[in-house]
Protein chains: 2
Amino acid sequence: MGKLERHATIADVAALAGVSVGTASKALNGRGSLREETRMRVREAARQLSFEANAGARSLHSGRTYTVGMITTDTIGRFSIPVLMGAEDALGAGEMSVFLCDGRDDPIREQYYVKTLLSRRVDGMIVTGRRTEARAPIGANLPVPVVYAFISSADPGDCSVVPDEAGGARKAVEHLLAVGRTRIAHITGPEHHNSARVRAAAATERLAEDGLSLVAPPLFGGWSEVWGRQAVGILLAGRTEFDAVFCGSDQIARGVCDALRAAGRRVPQDVALIGFDNWDVMTEACQPPLTSIDLDLEGLGRSAAQMLLAAINGSPSPGRHAHPCRLVVRESTVRESTTVPLP
Amino acid sequence: MGKLERHATIADVAALAGVSVGTASKALNGRGSLREETRMRVREAARQLSFEANAGARSLHSGRTYTVGMITTDTIGRFSIPVLMGAEDALGAGEMSVFLCDGRDDPIREQYYVKTLLSRRVDGMIVTGRRTEARAPIGANLPVPVVYAFISSADPGDCSVVPDEAGGARKAVEHLLAVGRTRIAHITGPEHHNSARVRAAAATERLAEDGLSLVAPPLFGGWSEVWGRQAVGILLAGRTEFDAVFCGSDQIARGVCDALRAAGRRVPQDVALIGFDNWDVMTEACQPPLTSIDLDLEGLGRSAAQMLLAAINGSPSPGRHAHPCRLVVRESTVRESTTVPLP
DNA sequence: ACCGTGACGGCAATCGTTTTCCTAGTTTCC
DNA sequence: GGAAACTAGGAAAACGATTGCCGTCACGGT
């Protein structure tokens with residue numbers, strides 16, 4: 001058989017079942033009062049023609065498309081994916097389909113997508129992507145609700161869901177304290193990056209609550225392994241003693257780990273090591289496997305989607321919502337890989 | 001101002017411009033014969049109401065939705081993303097929007113998505129994802145064209161676009177030969193994985209064409225760094241001399257690199273090293289940076305999308321299409337990072 | 001003065017579905 | 001036996017946009 005020529009319409013179904021179009025509609029949607037026998041006959045006809053109601057025509061009538069747009073501002077990367085997947089999952093459960101739009105960090109392209117999505121009458125939009133700072137709102141007075149996920153909108157009235165990075169950094173420090181370390185160093189990304197500043201500040205603050213401080217000012221650099229290795233050199237040259245390093249990313253941590261080993265320091269016996277992001281590629285390849293802070297991006301995406309659904313149904317949640325991070329303990333902080341309960 | 005209450009319809013525009021609905025439509029679409037003054041008046045009214053034509057209503061009339069569905073079978077991963085982005089890019093250029101569906105390797109979910117997409121009257125579908133083997137077609141006698149990207153359909157009549165892995169492996173071997181290596185080892189993923197077998201076979205075959213063979217049978221294992229390190233141990237224990245290693249993945253290559261360095265062998269002086277996938281995270285973190293084979297997944301996605309567009313317009317390209325791989329030379333095979341032209 | 005001819009725009013059908021109203025039977029009950 | 005009360009299903013009006021077909025002007029030519 002070749003491929004089917006044309007989609008069956010409800011008129012085809014009605015004709016085959018020997019009823020009127022309206023009756024067929026009622027039969028398929030369980031509306032109106034029909035004899036069970038009629039209902040079955042229509043259903044059978046629909047099955048036979050593999051009829052699927054035209055969603056476009058349907059939404060023309062209902063005013064809702066059960067569709068949302070997802071715009072990623074930067075090109076889709078390691079961070080956007082889980083957010084995207086979490087959102088897709090939550091929306092799928094609400095019978096919503098997702099339009100994917102890759103903004104590629106181009107405002108023109110982005111505005112084009114907004115217009116396209118509006119013309120497609122999406123019920124709402126999710127904006128995601130990575131940025132060092134909050135981003136300008138995607139549009140003013142849009143006729144549909146918008147939720148910013150991972151990234152946050154510069155307008156505090158907009159609904160943004162972002163990871164609780166400060167909380168994550170505090171958890172990291174608390175874990176190091178819990179395993180008995182007090183001389184902690186911090187190696188992280190570039191200072192102009194908001195995440196780096198926030199995490200460093202939170203770590204410092206948490207230590208201060210226990211009357212402690214970092215053994216040296218935070219080492220700002222890049223997010224890479226290379227920087228991790230370099231930073232260890234700086235740290236060792238400074239002759240400051242340290243028994244733990246809190247890293248701003250797993251890549252940095254891995255570089256740190258390699259450099260420490262090369263310098264003859266054992267992880268975790270001499271130095272406990274904790275990363276950030278819980279990126280499996282790094283945490284698993286690290287020797288030993290790396291303890292890290294998980295941003296729970298998939299959960300964040302899911303949560304953002306749920307807020308969007310709520311907003312669509314008339315209950316918006318304006319403002320900035322911090323999504324909690326999770327500590328994942330591996331062997332770079334404790335000998336056995338048993339989970340250490342937090343205080 | 002609060003958010004706009006409702007989307008403007010063409011009737012609103014017509015009323016504001018003082019013309020009939022049909023005239024408004026003609027004015028906005030450049031059809032019919034209208035006075036320039038009228039046209040401007042309508043356009044101005046549309047602008048004022050920020051009118052965007054309802055795409056659903058429009059496609060009801062035209063029969064086309066300018067929409068395609070993209071189904072990823074496994075959960076979206078490192079390989080699917082570039083394919084997805086390439087496709088999205090090519091489709092966007094054709095004014096098409098993309099529905100994203102994450103099949104999560106669940107056939108039920110997948111079938112649900114196919115139904116949903118059909119009810120949304122997509123003009124076509126792209127199926128992507130990673131599998132060890134060809135996959136069962138997503139549906140029989142679908143009323144819209146389907147293109148498989150990266151993954152391939154078990155039905156040889158379906159249009160599949162897949163990387164030319166054999167060609168890539170041959171390029172890798174050719175490069176090693178070109179830089180003067182003849183004692184080549186091959187470390188790769190699990191033997192049950194089709195890619196591992198194909199690449200190993202192609203490498204062997206290419207060597208045979210020069211009257212050579214691998215210094216040892218291919219070492220099948222996993223795709224991980226850990227396996228790369230282990231495999232070097234096996235290789236060294238075997239006392240076979242080798243001056244190059246062709247690895248089945250960049251992760252393996254990185255493990256190999258670390259283990260070689262630990263064993264006192266210099267890369268590339270003693271051993272030239274080439275990976276597969278050209279995954280920036282690995283190639284850049286590797287010391288020295290890793291030469292690799294790029295699958296050009298983004299190009300592959302773009303190409304798949306173009307075939308889909310062609311199929312939608314009535315010119316299908318049935319069958320399996322191999323998308324060429326690219327050699328990317330870095331310092332793990334040549335001292336200077338200058339590009340070496342291929343023979 | 002009359003007809004022909006463009007130019008301009010309105011009218012209405014159409015796409016596929018849902019939903020409201022209505023009509024024609026069939027019961028039911030007094 | 002006849003009116004009321006249901007029941008089953010049909011007819012038609014939406015929903016928003018496009019488009020083919022017509023009517024109505026104004027103008028020019030004979």
Side-chain angles (χ1 to χ4, degrees), chain A residues 4-43 45-46 49-67 115-116 118-123 143, chain B residues 4-43 45-46 49-67 115-116 118-123 143:
Chain A
L4 271 52
E5 270 321 297
R6 184 177 86 79
H7 289 275
T9 74
I10 201 169
D12 301 329
V13 175
L16 182 56
V19 296
S20 75
V21 185
T23 304
S25 172
K26 286 173 206 158
L28 295 172
N29 298 304
R31 299 277 155 74
S33 68
L34 304 181
R35 248 180 312 159
E36 191 52 27
E37 189 268 328
T38 312
R39 231 177 259 284
M40 290 306 294
R41 195 148 38 87
V42 174
R43 269 204 272 270
L49 299 171
S50 50
F51 166 79
E52 286 290 334
N54 183 326
R58 177 177 274 168
S59 55
L60 193 54
H61 194 267
S62 70
R64 281 200 49 181
T65 55
Y66 292 91
T67 277
K115 283 186 61 164
T116 305
L118 287 179
S119 91
R120 293 202 184 276
R121 296 295 187 268
V122 292
D123 294 333
Chain B
L4 272 52
E5 269 321 296
R6 187 178 85 78
H7 289 276
T9 74
I10 200 168
D12 300 330
V13 175
L16 181 56
V19 296
S20 75
V21 181
T23 304
S25 171
K26 286 172 200 157
L28 294 173
N29 298 304
R31 298 279 155 71
S33 67
L34 304 181
R35 248 178 312 160
E36 191 52 27
E37 190 268 328
T38 312
R39 229 177 260 284
M40 289 307 293
R41 197 148 37 88
V42 174
R43 267 205 273 270
L49 299 172
S50 50
F51 166 78
E52 286 289 336
N54 183 324
R58 179 177 272 168
S59 54
L60 194 54
H61 193 265
S62 70
R64 281 199 51 180
T65 55
Y66 293 91
T67 276
K115 284 185 63 166
T116 305
L118 288 179
S119 90
R120 294 202 183 275
R121 295 295 187 268
V122 291
D123 294 334

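Below, chains carry the letters A, B, ... as their sequence lines are ordered, and counting in each starts from 1. Not measured: the values here are computed from a predicted model.
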Using a cut-off of less than 4.0 Å, is there contact between a side-chain N or O of [X] and OP1 or OP2 of [N]?
X: A/Thr38; N: D/dG9; answer: yes
X: A/Arg58; N: C/dT18; answer: yes
X: A/Thr23; N: D/dG10; answer: yes
X: B/Ser62; N: D/dT18; answer: no

Between [atom2] of [N] and [atom1] of [X], the distance in whole Å:
X: A/Glu37; N: D/dT7; atom1: CD; atom2: P; value: 18 Å
X: A/Leu49; N: C/dG16; atom1: CG; atom2: P; value: 14 Å
X: B/Leu60; N: C/dT18; atom1: CG; atom2: P; value: 12 Å
X: B/Arg41; N: C/dG9; atom1: CZ; atom2: C1'; value: 11 Å
X: A/Asn54; N: D/dA17; atom1: CG; atom2: P; value: 16 Å
X: A/Glu52; N: C/dT17; atom1: CD; atom2: P; value: 10 Å

Any side-chain to backbone donor/acceptor pair from A/Arg41 onto A/Ala17? Under 3.5 Å, distance only.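 Yes.
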Mark yes or no for whether A/Asn54, through its side chain, and A/Gly56, through its backbone, hold a donor-acceptor pair below 3.5 Å.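 Such a contact is found between A/Asn54 side chain and A/Gly56 backbone.
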Looking for any heavy atom pair under 4.0 Å, which part of the strands does B/Val21 touch: base, sugar-phosphate only, or nothing?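 Answer is base: heavy atoms of B/Val21 come under 4.0 Å of a base.
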Taking the side chain of A/Arg35 as heavy atoms from C-beta outward, which of D/dA8, D/dG16, C/dA7 is closest to it?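 Shortest atom-to-atom distance from the side chain points to D/dA8.
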Output, in order, the C-alpha distance, side-chain angles, deciding distance and verdict of side chain to side chain donor-acceptor pair (under 3.5 Å) for A/Arg58 and B/Ser119. CA-CA 10 Å; A/Arg58 177 177 274 168; B/Ser119 90; over 6 Å; no
From [X] [atom1] over to [Y] [atom2], what is the distance, rounded to the nearest 0.5 angstrom?
X: A/His7; Y: A/Ser50; atom1: NE2; atom2: OG; result: 9.5 Å
X: B/Leu34; Y: B/Met40; atom1: CG; atom2: CE; result: 13.0 Å
X: A/Ser59; Y: A/Asp123; atom1: OG; atom2: CG; result: 8.5 Å
X: B/Arg39; Y: B/Thr23; atom1: CZ; atom2: OG1; result: 10.5 Å

Look at the side chain of A/His61 against the base of C/dT17 and say whether a donor-acceptor pair falls under 3.5 Å; ignore hydrogens and angles.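 Counting by modelled atom types and ignoring angles, no donor-acceptor contact under 3.5 Å is found here.
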Within residues 24-32 of chain A, residues whose heavy atoms come under 4.0 Å of DNA chain D: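 DNA chain D contact set from residues 24-32 of chain A: A/Lys26.
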Please compare B/Arg121 and B/Leu34 by the position of their nearest nucleotide in DNA chain C and report the one closer to 5'.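 This one resolves to B/Leu34.
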